[in-house]
There are 2 protein chains.
Amino acid sequence: MDEDFGPLIFRRLWCGRKLKPEDVEALSHLHWVPQSIAAKSTFNPGTNLCILASGLAVRQRAEGPGVRQMTAVVLPGDTCSYEFVTGSAPTTVLRALTDCKAMQASLEDVVSLVEQRPAILQALLSHLAVDHAVTEELVTSISTRSALERTAHFLCELEFRLRRMGLANNGQFSLSMTQAEIGVYLGLSAVHVNRTLQELRKRGALSTRGNRLTLDLEQMRSIAGFVPDYLTEATADAPRRFDA
Amino acid sequence: MDEDFGPLIFRRLWCGRKLKPEDVEALSHLHWVPQSIAAKSTFNPGTNLCILASGLAVRQRAEGPGVRQMTAVVLPGDTCSYEFVTGSAPTTVLRALTDCKAMQASLEDVVSLVEQRPAILQALLSHLAVDHAVTEELVTSISTRSALERTAHFLCELEFRLRRMGLANNGQFSLSMTQAEIGVYLGLSAVHVNRTLQELRKRGALSTRGNRLTLDLEQMRSIAGFVPDYLTEATADAPRRFDA
DNA sequence: CGCCAGTTTGATATAGGTCAAGTGACGTGG
DNA sequence: CCACGTCACTTGACCTATATCAAACTGGCG
């Protein structure tokens, strides 16, 4: 499995259509340092480029203990932090929800690679834009959608992002978040998340077995009003694809 | 006033402490194209670097008409869009709430300037990080704070950002947003914004005369639980300042 | 076996939404 | 200069989505 990390973690970068095979090849020759992160622990890649290889992590406020707001869910293939771009110390911290693996490359290595292959920088930067768009979508979700819509939207987004990484099929994927954690992310109480999920099940949009979720994509998307534009990397020359 | 634009609009970049006087000097010699934007109209700087010089704008979802969610308030000195960094077509659009002036510089000009003066790029990128942090703060505000706290927090943030630009003094500044617009931004109904502002006035944390607001900063911050860390550009070598 | 974390259920409370009507300021055209 | 329309703000009455509290249930694990 370890040798698969190379190709796998670049899939997210790759699927933006900005990279040529040679770019991916070059990326995979970087000096990547694997890192294991224990469930529930926090980590901070600093100015390294850090890509999540497996597991599930969230970004949350750095403040003291207690229930903190989560501002993003980090999935395999996602860039954990953009401090390597912005140089600013983040006000948020990463927390692994499950045991995670991440791959890190030092800022210097990335810089020299990027100087040779600017497409890689472009791909990373457009990830940054997508990540920002996801946060903005969360704002609209929390402030305008009902609990049912919000939860459905969350599941649609996860499915979309996981499928892009080959981690979801036919609306099926596994999700290691407790209902309480989902609640923190969506600004709902754990109890209400529970009832909302029940409602989605009752309507046949969702079925669960343990971690394993199956969505009725059609129905779920119509409940959520899900339009995945914001998750894709449109540019002037390569307009957003609406086929997803 | 026009000739002040040069120095003035760079104040935001300048106050991050990343730029030397020569950098600001160099910035001001860029070929800036001024632009006037009529109130209520939308605009899109594309890949130009676009800095708001005066007025008030918001970032909002690009979708059809009707009440759309706002995801950010853009103040003078702020960078309107980071498309020039990310290259991605944004899913959001800028809308002027009042008549605005903005200064634009073309991507090519910026690139060549930045090659000579990397500190400028760093300053721009750390703005990007701050803007993202502001959005994240909005998420936590909407999902965890009460209407009163949220509104107070919003006002504290505005005061902080305006003061940094020399546009607020002693908690006084003017704000050309209707209560309905504030409501859209904060995820509250216009009616509730109204009652919330009344409550703030009743407590003596706020007084208003037309557009002109005066905050009792001490009280307002304590209501809001306002900690401005997220608005400043901390780095490893220049840690966040807590004096604000 | 018993504990613990997670989920489920029921009962109750409340923050904030919605609707409707009224006020006040300001601008425009007659 | 006044009548009118518009837009923002205000107020009151009512309603509902969601929070909160409390307790029971479940399943895995030491």
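Each chain gets a letter, A, B and so on, in the order the sequences are listed, and its residues count up from 1. Predicted, not measured: the structure shown is a model, and the values here were computed from it. What's counted below: heavy atoms across the whole structure, side chains too, no hydrogens, waters or symmetry copies.
No side-chain donor-acceptor contact under 3.5 Å links T140(B) and Q69(A).
If you check dT10(D), dA13(D), dA19(D) against the side chain of R195(B), the one that comes closest is dA13(D). Nearest nucleotide to the side chain of Q198(B), out of dT20(D), dT10(D), dT18(D): dT10(D).
At whole-Å resolution of the value, NE2 in H192(B) and P in dA13(D) are 17 Å apart. In this entry the distance linking CG of N211(A) with C1' of dG28(D) reads 13 Å, nearest Å. Counting to the nearest Å, the C1' atom of dC7(D) and the CE atom of M177(B) are 17 Å from each other. Between the CD atom of Q179(A) and the C1' atom of dA19(D) there is a distance of 16 Å, given to the nearest Å. Spacing between atom CZ of R209(A) and atom P of dG28(D) amounts to 13 Å, rounded to whole angstrom units. Straight-line distance from the CD atom of E149(A) to the C1' atom of dA17(D): 12 Å, rounded to whole Å. The CG atom of N194(B) sits 16 Å away from the C1' atom of dA13(D) (whole-angstrom rounding). Note: CZ (R150(A)) to C1' (dA19(D)) measures 12 Å, nearest angstrom.
Atom CG of L138(A) is separated from atom OG of S143(B) by 7.5 Å, given to the nearest 0.5 angstrom.
With R163(B) contributing its side chain and G171(B) its backbone, the two residues share no donor-acceptor pair below 3.5 Å. In terms of modelled atom types and a separation under 3.5 Å, the side chain of R150(A) and the main chain of R145(A) share a donor-acceptor contact. A distance-only check finds no donor-acceptor pair linking the side chain of T144(A) to the backbone of S141(A) [under 3.5 Å]. In this structure, the side chain of Q219(A) does not engage the main chain of D216(A) through any donor-acceptor pair within 3.5 Å. Of the possible donor and acceptor atoms, none in the side chain of N170(B) sits under 3.5 Å from a partner among the backbone N and O of Q172(B).
In terms of the salt bridge (charged side-chain N to carboxylate O under 4.0 Å, His left out) criterion, residue partners of E157(A) (sequence neighbours excluded) are, by chain and number, R161(A).
Residue contacts shown for T178(A) are limited to sugar-phosphate atoms, with no base heavy atom under 4.0 Å away. Counting any heavy atom pair closer than 4.0 Å across all strands shown, G210(B) reaches no nucleic acid atom.
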- Task: Let me see the working for R164(A) and E159(A) under salt bridge (Lys or Arg N to Asp or Glu O under 4.0 Å), right down to the final yes or no.
- Result: CA-CA 8 Å; R164(A) 161 163 79 185; E159(A) 191 275 339; over 6 Å; no
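Within residues 141-148 of chain B, the residues having any heavy atom under 4.0 Å from DNA chain C are, by residue number, S146(B), A147(B).
Where V191(B) and A190(A) meet DNA chain D, the nucleotide closest to each residue was compared, and V191(B) sits on the side nearer the 5' end.
Protein chain A contacts DNA chain C from dG6(C) to dA11(C), reading 5' to 3' and using non-hydrogen atoms of the protein with a distance under 4.0 Å.
In this structure, R201(B) reaches the dT10(D) phosphate: one of its side-chain N or O atoms is under 4.0 Å from OP1 or OP2.
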